[in-house]
Enquirer: 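So that we are looking at the same thing, I have put the structure below in structure tokens.
So you know, we letter chains A, B, ... as the sequences are listed, proteins then strands, and number each from 1. Keep in mind it's a predicted model, so treat the numbers as computed, not measured. Computed from heavy atoms alone, side chains included, the values below leave out hydrogens, waters and symmetry copies.
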Protein chains: 2
Amino acid sequence: MAKISTLSLLIASVMLTATAKAEEPIEIIKPAVITEPEKVELGKMLFFEPRLSMSGFISCNSCHNLSLGGVDALPTSIGHEWQEGPINSPTVLNADYMLAQFWDGRAPDLKAQAAGPIDNPKEMGYTHELAVDTIASMPAYVARFKDIYGSDEVNIDRITDAIATFEKTLVTPNSPFDQYLSGDKDAISANAKQGYQLFKDKGCVSCHNGPAVGGTMYMKMGLVKPFHTDNPAEGRKAVTGKEADKFVFKVPTLRNIELTYPYFHDGSVWSLAEAANTMADIQLGQKLTETETEQMVEFLKSLTGEQPQIMLPILPPSNENTPRPVPFKK
Amino acid sequence: MAKISTLSLLIASVMLTATAKAEEPIEIIKPAVITEPEKVELGKMLFFEPRLSMSGFISCNSCHNLSLGGVDALPTSIGHEWQEGPINSPTVLNADYMLAQFWDGRAPDLKAQAAGPIDNPKEMGYTHELAVDTIASMPAYVARFKDIYGSDEVNIDRITDAIATFEKTLVTPNSPFDQYLSGDKDAISANAKQGYQLFKDKGCVSCHNGPAVGGTMYMKMGLVKPFHTDNPAEGRKAVTGKEADKFVFKVPTLRNIELTYPYFHDGSVWSLAEAANTMADIQLGQKLTETETEQMVEFLKSLTGEQPQIMLPILPPSNENTPRPVPFKK
């Protein structure tokens, strides 16, 4: 009888745990599984390659700095000739979990995204043709393309494929919150647990869900009250042309949110507490008390995971066939 | 008798080797010996820290890129608000072997050098006070200063001390030429050996000597014929005030010269062959044949050593006490 009772309890406990887990709106981030290490390495080189820019000075890592949570930590980015970018640079960390890339989702995936800044006159200011010529001029690069893609052709498709393959490895597993979800109930503080409960109860999870705590849908910025900004970005409307999509943006990931300030697509808010309050107010029509705000921030900080450990790549030298950078107007 | 003969030969051989080694004007670069790993790690963080600049965008690594031989591979550097720098950025690799820092030697050592760009309005455009406030605002940094320096005071002296300590580890041992000097006679090609012989015979070694193949003295640029340039830098004259020091610059290191193009203090020459010919011409009054040029270049390329393996540092997040970057004029 005692035996049966213990077994019953065990089964009930397992079922409860399973149910609880299935109901969690946030999923654990898993470590990257690297199946093509040579392509990842090539992609890393290209990610750090400033010669993909007209100036020879700006690389992917300039605005998606892997020392700084995969962002530049500026309201909007600095581009070619110090031009001011139009929008806040989203983090490259866990970006493969996003349903699409850029704030307006205009690129379907990381590969398509990677092509954008290279020939954007306000970002890297180069052309795809010159980018290809630059990489193809260096025998050490060409040898890698041949090994990986089976021929020594360098083209923008392969360049962006390699960059995207590297970026897919940039995940941040094992955050305190993931440890908590995995069953270690002491991995986060009581305050953080309260914050998580609030996060669910207030309705934040209706948009911020999935492994990246965001990136699963588009949503209007200013759902119940307008969001005031000088930033002219119109969000999805720029992609779909529909008036209903005005100010509809991709819901950003909250993973590593402590690192990816300033917040919102206009980068206007530096404080996580203020960002949480603004979201509660204009998206959900709710006010957070001071205690609730503290708890929410403590929960959000528990989403900071292990940052990718990156060995800085050593890039091959330019030679007489490499297009020369043009850092300054003649 | 046979035994004595063998011993005599051995002694004679050792003596000859010792004599030959003592006569070599280039010395082997030794791997870095790290005695203060915590300080090196802190210095690495600060070396990659863009928040030491007004914009939050420029770090030491921007112009001394450790992916690119410790330089930016541009004629002159890009500074705050895309200002054009006055002179070619010298490599940080093996820089501790230099008798002084900067092309004109105005800083006695790496620590003094590191302070320069931070508050240079054309480079990082910040102030030492704001740089200190920035670093001191982050508890994760302060804890490191306390561990290393015995108190939690952050000041520019400690910041630059840590950066310099990291930079001292940036040496590039085990180049093919060093392997050759160490006794592996097959480590460099016959052409490179001819190039080295020419390097000595033509007199290049009179300036380019020591472990860094340079950096041991100052010398006039345009010793026997004038060097034509638009660059207004006057070299040592700016430090000493003496007319005789006009156009006298620190002799640059030739270590990793294949990586540290473009060449000369004005960054005007992209080809190593052209640089070698110009030097032979205007410093030594000599012409190199085509074959000699090839041999010289092959020797120079054998000076590329093992590049430092750098794990990208993860920097602590800013908080409400951290001065905000000012990337764009208001």
Side-chain angles (χ1 to χ4, degrees), chain A residues 44-45 48-51 55-59 61-63 65-69 72-85 256-262 267 270-274 301 304 306-320 322 324-329, chain B residues 44-45 48-51 55-59 61-63 65-69 72-85 256-262 267 270-274 301 304 306-320 322 324-329:
Chain A
K44 184 175 77 170
M45 292 170 76
F48 281 89
E49 183 51 88
R51 289 168 295 184
S55 62
F57 190 66
I58 299 178
S59 70
N61 193 63
S62 297
C63 299
N65 191 333
L66 295 174
S67 291
L68 289 175
D72 52 14
L74 299 173
T76 56
S77 294
I78 294 170
H80 183 61
E81 294 177 341
W82 214 267
Q83 289 174 89
E84 188 169 354
N256 309 296
I257 193 71
E258 186 186 6
L259 310 179
T260 61
Y261 55 86
W270 289 79
S271 139
L272 198 44
E274 185 184 341
K301 287 185 176 177
T304 302
E306 287 173 1
Q307 302 297 295
Q309 294 293 296
I310 305 291
M311 189 67 79
L312 200 69
I314 303 301
L315 304 175
S318 297
N319 56 53
E320 66 279 10
T322 311
R324 288 191 193 155
V326 183
F328 303 103
K329 285 197 184 82
Chain B
K44 183 174 77 169
M45 294 170 75
F48 281 89
E49 183 52 88
R51 290 168 294 185
S55 62
F57 189 66
I58 299 178
S59 70
N61 193 64
S62 298
C63 300
N65 191 333
L66 295 174
S67 291
L68 291 174
D72 52 14
L74 299 174
T76 56
S77 295
I78 294 170
H80 184 61
E81 296 177 338
W82 213 267
Q83 288 175 90
E84 188 169 354
N256 310 295
I257 194 72
E258 185 186 6
L259 310 180
T260 61
Y261 55 86
W270 289 79
S271 138
L272 199 43
E274 184 185 341
K301 287 186 177 178
T304 303
E306 287 173 2
Q307 301 297 295
Q309 294 293 297
I310 305 291
M311 189 67 78
L312 201 68
I314 303 300
L315 304 175
S318 295
N319 56 52
E320 67 279 9
T322 311
R324 288 191 193 156
V326 183
F328 303 103
K329 283 197 184 81

Enquirer: Side chain, backbone, both or neither: which part of Thr304(A) has an atom under 4.5 Å from a heavy atom of chain B?
Expert: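 Answer is neither: Thr304(A) stays 4.5 Å or more from chain B.
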Enquirer: Spell out, as yes or no, whether a donor-acceptor pair under 3.5 Å connects the side chain of Gln83(B) to the backbone of His80(B).
Expert: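 Yes, because the side chain of Gln83(B) sits within donor-acceptor range (under 3.5 Å) of the backbone of His80(B).
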Enquirer: So for Leu74(A), is it side chain, backbone, both, or neither that comes closer than 4.5 Å to the heavy atoms of chain B?
Expert: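 For Leu74(A), the contact with chain B is made by the side chain alone.
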Enquirer: Let me know if Asn319(B) has heavy atoms under 4.5 Å from chain A in its side chain, its backbone, both or neither.
Expert: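 When you check distances to chain A, no heavy atom of Asn319(B) falls under 4.5 Å.
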Enquirer: Tell me yes or no: between the side chains of Gln307(B) and Asn256(B), is some donor less than 3.5 Å from an acceptor?
Expert: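 Yes, side-chain donor-acceptor contact under 3.5 Å.
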Enquirer: In terms of heavy-atom pairs under 4.5 Å, which option from Pro262(A), Gly69(A), Ser55(A), Pro50(A) contacts chain B the most?
Expert: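 It is Ser55(A).
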Enquirer: Kindly say whether Ser62(B) contributes a backbone atom to a donor-acceptor pair with the side chain of Asp72(B) at under 3.5 angstrom?
Expert: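 Such a contact is absent between Asp72(B) side chain and Ser62(B) backbone.
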Enquirer: Quick one: does Lys44(A)'s side chain have a donor or acceptor within less than 3.5 Å of a partner on Ile310(A)'s backbone?
Expert: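 No, Lys44(A) side chain to Ile310(A) backbone: no donor-acceptor pair under 3.5 Å.
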Enquirer: What part of Pro308(B) gets closer than 4.5 Å to chain A, counting heavy atoms only: side chain, backbone, both or neither?
Expert: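 Backbone only.
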Enquirer: Could you look at Glu320(A) and say if it's the side chain, the backbone, both or neither that has a heavy atom under 4.5 Å from chain B?
Expert: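 When you check distances to chain B, no heavy atom of Glu320(A) falls under 4.5 Å.
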Enquirer: Under a 4.5 Å cutoff for heavy-atom pairs, which residue among Glu258(A), Glu84(A), Glu49(A), Gln309(A) has the most contacts with chain B?
Expert: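 Going by pairs under 4.5 Å, I would pick Glu84(A).
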Enquirer: What part of Thr260(B) is in contact with chain A, defined as an atom under 4.5 angstrom from a non-hydrogen atom: side chain, backbone, both or neither?
Expert: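 For Thr260(B), there is no contact with chain A at all, as no heavy atom is under 4.5 Å.
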Enquirer: Quick one: do the Arg51(A) and Thr322(A) side chains pair a donor with an acceptor below 3.5 Å?
Expert: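 Checked: Arg51(A)/Thr322(A) side chains show no N/O donor-acceptor pair below 3.5 Å.
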Enquirer: What part of Leu68(A) gets within 4.5 angstrom of chain B, counting heavy atoms only: side chain, backbone, both, or neither?
Expert: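 Interface part for Leu68(A): side chain.
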Enquirer: If you count heavy-atom pairs under 4.5 Å between each of Ser318(A), Gly56(A), Ser271(A), Pro325(A) and chain B, which one has the most?
Expert: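 Answer, by heavy-atom pair count under 4.5 Å with chain B: Ser318(A).
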Enquirer: Who wins among Leu272(A), Leu259(A), Ile78(A) for the most heavy-atom pairs under 4.5 Å with chain B?
Expert: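 When all of Leu272(A), Leu259(A), Ile78(A) are compared, Ile78(A) has the most.
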Enquirer: Show, in sequence, the C-alpha distance, side-chain angles and deciding distance for Asn65(B) and Phe48(A), and conclude whether the side-chain contact (heavy atoms from CB on, under 4.5 Å) test is met.
Expert: CA-CA 10 Å; Asn65(B) 191 333; Phe48(A) 281 89; over 6 Å; no
Enquirer: Determine whether a donor-acceptor pair (N or O, by modelled atom type, separation under 3.5 Å) exists between the side chain of Tyr261(B) and the backbone of Ala73(B).
Expert: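 No, because the side chain of Tyr261(B) does not come within donor-acceptor range (under 3.5 Å) of the backbone of Ala73(B).
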Enquirer: Under a 4.5 Å heavy-atom cut-off, does chain A meet the side chain of Thr76(B), its backbone, both or neither?
Expert: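 Answer is both: backbone and side chain atoms of Thr76(B) are under 4.5 Å from chain A.
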Enquirer: Measure up the Trp82(A) and Phe57(B) rings against each other and bin them: parallel (under 30°), tilted (30 to 60°), perpendicular (over 60°).
Expert: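 If you compare the ring of Trp82(A) with that of Phe57(B), the planes turn out perpendicular.
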